[in-house]
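Shown next, in structure tokens, is the structure this report addresses.
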Amino acid sequence: MTQVHDKVHKKIRKAVFPVAGLGTRFLPATKAVPKEMLTVVDRPVIQHVVDEARAAGIEHFVFVTGRNKAVIEDHFDAAYELEDTLARRDKHEALKSLKADQPAAGMTSFTRQQEPLGLGHAVWCARDIIGDEPFALLLPDMLHLSDKPCLGSMIEAYNEVGGNHINVAPVPEDQTHQYGIVGVDDVQASYSPINVMVEKPAPGTAPSNWHITGRYILQPEIFEFLGRQEAGVGGEIQLTDSMLKLRDQLGQGFFADRYDGEIHDCGSKIGFLTANMAYALARKDELADELRDEMKRMLG
Ligand code: UTP
């Protein structure tokens, strides 16, 4: 797009991470361990997503947690005994990287969704912490692997035109029923106004094969609609329903930001397995060659 936009839009400072789901597709692994703490190579899934948000300049991380999720809070806290032991054993590199991952004091907030009533409800639980400013929303089970962080590109698009942004990428036609799907005015553009939005369309009815990849920039007025707590598809309070109302009733702009990198849906077993392979292969100096050799051996 070559438009010139003079308006300065409110900075995206905060990001919401909904981590209160039950993770039933990963039972029994998720009986006592939150699915967001399952590891992709040697970092919990949630850490990869927080890394993406930090690289995009996010200053405050808001986690919507639930029962059995306290370990997520511990993960982003200081671990005094561990740090002390690492220092005494001269494990300076490990200590340095542990410290680098830890958000500074005051940069995290945790709120609870007492019952997993749906993604829309989880986001609504963050309303008081977000207040009256636009914010990013990152679904932790979707991992985006690319040289440029997905959210970083979205913030650039937002800085140009403001409004609400939803990240999208094509999926095979036979998978559209598993995702939120949007139709866009211009599929070639890096971002384009959205003309249709539908949550998990029945097989064969999707308006396009552009699926929502779990990254959003939303205006705070979304909370007015989420607060009505109306159940949608699957009996859950759906974010997509409120986004549609924000667009149709308040006339706010919605843009689809096209993503061209790799996406791994760690909410599914196959996505989780391929994420481990992809992130290991991306560590070229350390793991990639050995993993390739092992895979060749296993595949015969
Ligand atoms: P999912 O539907 O993929 O997560 O929600 P889930 O419900 O934990 O997974 P399954 O289907 O039972 O295996 C996407 C994201 O939204 C969060 C989840 O934690 C996940 O990160 N979520 C979902 C909530 O925080 N609260 C909810 O009520 C629903």
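FYI, side chains are in, hydrogens and waters are out, and symmetry mates aren't considered; it's all heavy atoms of this structure. Both ligands and their constituent atoms are indexed starting at 1 by order of listing. Numbering of residues begins at 1 and proceeds along the displayed sequence.
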Going by atom type alone, with no hydrogens or angles, which donor-acceptor pairs under 3.5 Å involve a side-chain atom of residues 118-131 and a protein atom two or more places apart or on another chain?
residue: H121; atom: ND1; partner: Q113; partner atom: NE2; Å: 2.9
residue: R127; atom: NH1; partner: W124; partner atom: O; Å: 3.0

- Just jot down the ligand 1 atoms closer than 4.0 angstrom to any heavy atom of L117, in number order. 28 (O)

- R112 atom CZ, over 12 foreign heavy atoms within 6.0 Å: yes

- Message: In this structure, does ligand 1 have an atom that sits under 4.0 Å from one of the heavy atoms of K35?
- Response: yes

- Query: Starting from atom 23 (C) of ligand 1, which protein heavy atom do you reach first, and at what distance in Å?
  - Reply: G21 CA, 4.2 Å

- Note on the structure: When distances are taken from atom 16 (O) of ligand 1, the protein heavy atom at minimum range is L119 CD1, 3.8 Å

- Message: Parallel, tilted or perpendicular, judged at 30° and 60°: which one describes the rings of F63 and F110?
- Response: parallel

- Message: Can you report which non-hydrogen protein atom sits closest to atom 14 (C) of ligand 1, along with the distance?
- Response: D141 OD2, 3.8 Å

- Got a sec: does the CG of L27 have more than 12 other heavy atoms crowding it under 6.0 Å? yes

- Message: Below 3.5 Å, N or O to N or O, backbone or side chain included: is there any such pair between A122 and ligand 1?
- Response: no

- Test: R54 and D51 ion pair at under 4.0 Å: no

- Query: What residue and atom, counting heavy atoms only, is the protein's closest point to atom 21 (O) of ligand 1, and at what distance?
  - Reply: P18 O, 3.0 Å

- Query: Aromatic rings H165 and Y191: how do their planes relate, parallel, tilted or perpendicular, breaks at 30° and 60°?
  - Reply: perpendicular

- Note on the structure: for atom 26 (N) of ligand 1, nearest protein heavy atom and its distance come out as Q113 OE1, 2.7 Å

- Message: Among all the protein's non-hydrogen atoms, which is closest to atom 8 (O) of ligand 1, and how far away is it?
- Response: G23 N, 2.8 Å

- State the atoms of ligand 1, each with its element, that fall below the 4.0 Å cut-off from a heavy-atom position in P116. 28 (O)

- Note on the structure: Per-atom filter on ligand 1: closer than 4.0 angstrom to a heavy atom of P140 are 21 (O)

- Item | Nitrogen or oxygen atoms of G118 and ligand 1 under 3.5 Å apart | yes

- Note on the structure: If you scan protein heavy atoms around atom 11 (O) of ligand 1, the nearest is R25 NE, 3.1 Å

- Message: What I'd like to find out is whether the side chain of N164 reaches to under 4.5 Å of the side chain of M243, using heavy atoms alone.
- Response: no

- Ion pair check, E236 and K200, cut-off under 4.0 Å: no

- Query: Which of the atoms of ligand 1 are close to V19, meaning less than 4.0 Å from one of its heavy atoms?
  - Reply: 19 (O), 25 (O)

- Item | Salt-bridge contact D101-R43 (side-chain N to carboxylate O under 4.0 Å) | yes

- Salt bridge present between K245 and D241 (N-O < 4.0 angstrom): no

- Item | Heavy-atom pair of closest approach, residues E83 and L98 | CG-CD2, 4.2 Å

- List the closest protein heavy-atom neighbour of atom 12 (O) of ligand 1: residue, atom name, distance to the nearest 0.1 Å. T24 OG1, 2.6 Å

- Message: Under 3.5 Å between any N/O of G267 and any N/O of ligand 1: does that happen in this structure?
- Response: no

- E36 to ligand 1: N or O pair under 3.5 Å? yes

